[in-house]
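Letters A, B, ... mirror the listed sequences (proteins, then strands); counts begin at 1. When reading the values below, keep in mind they use all heavy atoms of this one structure, side chains included, and skip hydrogens, waters and symmetry mates. Note that the structure is a prediction, hence the values are computed from the model and not measured.
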There are 2 protein chains.
Amino acid sequence: MATIYEVSKLAGVSLATVSRVINNNTPVREATRVKVLEAMDKLGYHPNSIAQSLASSRSNSIGIVVSELNGPFFGTLLSDIEAAFRRAGKHVIIAAGHSDERLEKESIAFLKSRNCDALILHVEAVSDDYLRQLKEGGTPFVILNRFVESMSDRCVTLNNQHGGYLATQHLLRNGHRKIGYISGPMWKNDAEQRYLGHLRALAEYGIESKSSLFYEGDFHELGGVKGVAALLHADADITAIVCANDEMAAGAVTTAREQGLRLPEDLSIIGFDNVNFSHYMYPKLTTIDYPIGGMGVMAARWVLKHIYQQKLDNIQTVFEPRVIERDSVHSI
Amino acid sequence: MATIYEVSKLAGVSLATVSRVINNNTPVREATRVKVLEAMDKLGYHPNSIAQSLASSRSNSIGIVVSELNGPFFGTLLSDIEAAFRRAGKHVIIAAGHSDERLEKESIAFLKSRNCDALILHVEAVSDDYLRQLKEGGTPFVILNRFVESMSDRCVTLNNQHGGYLATQHLLRNGHRKIGYISGPMWKNDAEQRYLGHLRALAEYGIESKSSLFYEGDFHELGGVKGVAALLHADADITAIVCANDEMAAGAVTTAREQGLRLPEDLSIIGFDNVNFSHYMYPKLTTIDYPIGGMGVMAARWVLKHIYQQKLDNIQTVFEPRVIERDSVHSI
DNA sequence: TAATATTATGTAAGCGCTTTCATGTATAGC
DNA sequence: GCTATACATGAAAGCGCTTACATAATATTA
C-alpha cells in the first residue's frame, strides 16, 4: 500500500501538500493539485483511514446501539441510517443491546472504545440518570424513541401516546366498545405511552377500562398468543383487540383463528409499528405506522450537523404516527 | 482520556510494560502487572483502539457486505455474525450491496479503505473473475452462499440444488403432479441451482417440465404476485407451486387467495429460506430451511481461525437444507 | 521599484500505541 | 563465588497521517 510519503515524492511536493489535496481544506494551486492527483492515481494510493483518525482524532465512525439486529423494525432503521452515513463517507458500527441493562452499557462502552465520533442509541434498559451521566462523558449521542428530560434536543421520538390513542379511536369509530389491550412490558416507556393513549381514547368515549381487558405482553409473538388466550378467557364478548406491536398482533391473529374465530368478523385486531411483514398476514393487518426509517435518518442528520458541521436545517425531533387501514378491523 | 504514558508514569514502569499487560502477550512479573492494572484502574484508562490499530496494522474490524440490511434473511445473518465477533472483541462494519455490481464493488472498496482485517461477502452481482482478482488484493475474505472455483475453502454455501430438489420432492410425495415453479432471477447462482434441483426431482418421477409451469420472478413479494397470476392463467390445473423463496411465497399466497382459491386445499405452496415471518403467514408456510445464521457464524469462525489465529476446528463449508413442514401443503 | 499584504508550500512535532533490540536482574549450575 | 541462562523491563523507532508554524512565492499598492 502506497503511503502519502511516496505520493509526495512522486509529485515533487511535501507531505503537507498531499494531505491538503486529500482533505481539500486549504487552498492549493491548481497545477499542484493536478500533479498530486496524478501521482495518487499512478500509485493507486488510498489514504489510510486509521492513520487519518489517529492524527485528526476523528474516526468517521458512528456507533449504533439497537435492541436486536434481526427483526423487521431494526432492519429498516439500520438500513436507512447506514445509507445516510455512507453518502457522507462515514461508517457505522453496530451493537446489540438486547433490552438488557448490562448489555446496553457494555455495547456503549464497546463503541466508545472504538472511538466513535458519535452514538445513536435505541436503548431501553438503562436509566435516564445513566444517560445524563453519559452526556458528560465526551462522546456525543442521539437517543431514539425515548424522551429524556434535560436533553430533549437530542431525542428523536415518536408520539407514542398519540399512536395508542389513534389505534383505539379507530376501533371505537368502527363501533367496537368491548376492546382488549395487549401491552408491551410496562417498564418500557413506549409501552406505557401507548397504553396511556388507549386509555385516553376510551375516556373520550366514556368507556371505563377494566383490568380483565388488559394483558401485559412482551412485544413478541408469544405475548400475543398468550394475550389472546387470556383476554378471551376472561371475557368472551370482546370484539376487538389492540396489540401494542405487530409481532404480538401476529401471535394474536394465529391464536384467535386456532380458537375458531373468524377474522375480522368475529374479532378485529389492530397492531402498531407497521413492520414489513404486516401486510403478509391474513387478514392484512391494520396498524399504526411507525416511521422508524425516517426517524433514523433524522438521527443521522443530527449527527452530521452537530458533529461533522454539515449545514443542515429541519432537524425534526418528534414524529407523528398514523393509522394504516388494511383488513383486520371489521366495522360493526 | 488517559494515555498509556500516564499509566506508565503512575505505575512507575515503562510504556512497553504497560503495553505488555494490555496485550498479555509477553510475560510480566505478577507484582508489576498488579501495579499497572491498579494504575489503569485509577485513571479509568482504556486503550485507544485507533492507535493500537495504527501501530499493529490490525484494525480488529471485519467488513460485511450483504444485499440488504433490512429483510429477515440478512437480519438473522448479521445478528449472528455480530454476536460471534463481539465475543472475540472484534467489531463489524456493514455495507449494503443491493445486488448491484457497482454498489457491491463500491462497498468492498469502502470496507477495504476502512482497513478491515477481513471481509465476509454475500455478493451476487460481481463476477467470479473479480473475486479471484480480489483475492490477490491483500484483504482476505470469505464468500457466503456462492461457490467460486479455485477458492472453495473460503466459500460457505448451502446445497441449494438439494434444497430445490427437496421442495419439489415434498410436493411430489404428497401426490402433486402439476407443479408450477416461481424462480428467482436466473442470473443469480442460487436461483439457478434451486431450479436445477426442481428439475431433478421432476425427472425422478418421470415428469417432464413445461415452460408454462415456469415463471422467473425477482425474489420479492411482487414476483410471487405476478408469478401466481401468470401460472394460473397459463394452466388452471396446477395443484401446487414451489416458490424459490419465502418472500415470493408470501406474495403468491395473497394473490392466490384473492383469486378465490382455498389454501392449501385448492393450491399448495412451498417456500424456501424459512425466514422468521414464514410462520406468521396463513396458512403457515411449509418451506425449506436455510440455516443462514449458522452459516454466518461459520464464516466468522473462518475469519477468527485464519486471520486472528484462534485455534478452531470444524470449519464446515457446505450446509444442507431440510424441509420444514407446516400447513401450506395439502396431500392429494 | 520597494514595501507590504496575500497566498501557497514546506518543516516538523505530534496522535497513542506496538515491537524490536538492548540491557539489567534473578536463578541455576558447577 | 563465578559464569551461563532465562526472564523481566526499558529505550526508541516507527505506524501514516494532520496541522501549527515558518518560510517562500506572488500579488497589490503607492
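Nucleotide D:dC17 holds its P atom 14 Å from the CD1 atom of B:Ile50, rounded to whole Å. In this structure, the CZ atom of B:Arg33 is 14 Å from the C1' atom of D:dT9, given to the nearest Å. Following rounding to the nearest Å, B:Lys35 (NZ) and D:dA8 (C1') show an atom-to-atom distance of 12 Å. Atom-to-atom, CD of B:Glu30 to C1' of D:dT9 comes out at 16 Å; the value is rounded to the nearest Å. Counting to the nearest Å, the P atom of C:dA26 and the CZ atom of B:Arg29 are 8 Å from each other. For the pair B:Tyr5 OH and C:dG14 P, the interatomic distance rounds to 12 Å; values are reported in whole Å. Look at CG on A:Asn24: it is 13 Å from P on D:dT19, rounded to the nearest Å. Rounding to whole angstrom units, CZ of residue B:Arg58 and P of D:dG16 are separated by 15 Å.
When distances are taken from the side chain of A:Leu54 to each of C:dG16, C:dT9, D:dT9, the shortest belongs to C:dG16.
The pair A:Lys9-A:Glu6 does not count as a salt bridge, with every side-chain nitrogen at least 4.0 angstrom from each carboxylate oxygen. Using a 4.0 Å cut-off between charged side-chain N and carboxylate O, B:Glu38 and B:Lys42 make no salt bridge.
For the pair B:Phe219/B:Asp190, a side-chain contact is recorded, criterion being any heavy-atom separation below 4.5 Å from C-beta on.
Taking only side-chain nitrogens and oxygens, A:Ser14 never comes nearer than 4.0 Å to OP1 or OP2 of C:dT9. When the side-chain nitrogen and oxygen atoms of A:Tyr45 are compared with OP1 and OP2 of D:dC17, one or more of them lie within a distance under 4.0 Å. Between B:Thr32 and D:dT9 there is a side-chain N or O to OP1 or OP2 distance below 4.0 Å.
Where DNA chain C pairs in unbroken runs of 3 or more (Watson-Crick or G-U, both distances under 3.5 Å), the stems are C:1-30 with D:1-30.
The 12-atom threshold is not exceeded at CD of B:Glu149, counting heavy atoms of other residues, nucleotides or ligands nearer than 6.0 Å.
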A:Phe319 and A:Tyr290: CA distance, side-chain angles, deciding distance, ring-ring contact (aromatic ring centres under 6.0 Å, His included) verdict: CA-CA 9 Å; A:Phe319 283 69; A:Tyr290 191 139; 9.0 Å; no
Steps toward side chain to side chain donor-acceptor pair (under 3.5 Å) verdict (A:Thr32, A:Arg20): CA-CA 11 Å; A:Thr32 319; A:Arg20 283 172 189 126; over 6 Å; no
Heteroatom pairs (N/O) under 3.5 angstrom, protein to nucleotides 18-25 of chain C:
| unit_1 | atom_1 | unit_2 | atom_2 | d |
| --- | --- | --- | --- | --- |
| C:dT18 | OP1 | B:Asn23 | OD1 | 3.3 |
| C:dT18 | OP1 | B:Asn23 | ND2 | 2.8 |
| C:dT18 | OP1 | B:Gln52 | NE2 | 3.2 |
| C:dT18 | OP2 | B:Ser19 | OG | 2.5 |
| C:dT18 | OP2 | B:Asn23 | ND2 | 3.4 |
| C:dT20 | O4 | B:Arg20 | NH2 | 3.4 |

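For the pair A:Lys135 and A:Phe141, the cation-pi criterion (under 6.0 Å, within 45° of the ring axis) is not fulfilled.
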Under 3.5 Å donor-acceptor pairs involving side-chain atoms of residues 45-53 of chain A, not counting sequence neighbours:
| unit_1 | atom_1 | unit_2 | atom_2 | d |
| --- | --- | --- | --- | --- |
| A:Asn48 | OD1 | A:Ile50 | N | 2.8 |
| A:Asn48 | OD1 | A:Ala51 | N | 3.0 |
| A:Ser49 | OG | B:Ser113 | O | 2.9 |
| A:Ser49 | OG | B:Asn115 | OD1 | 3.2 |
| A:Ser53 | OG | A:Ser49 | O | 2.9 |
| A:Ser53 | OG | A:Arg58 | O | 3.2 |

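Between the side chain of A:Arg146 and the backbone N or O of A:Val123, at least one donor-acceptor pair lies under 3.5 Å.
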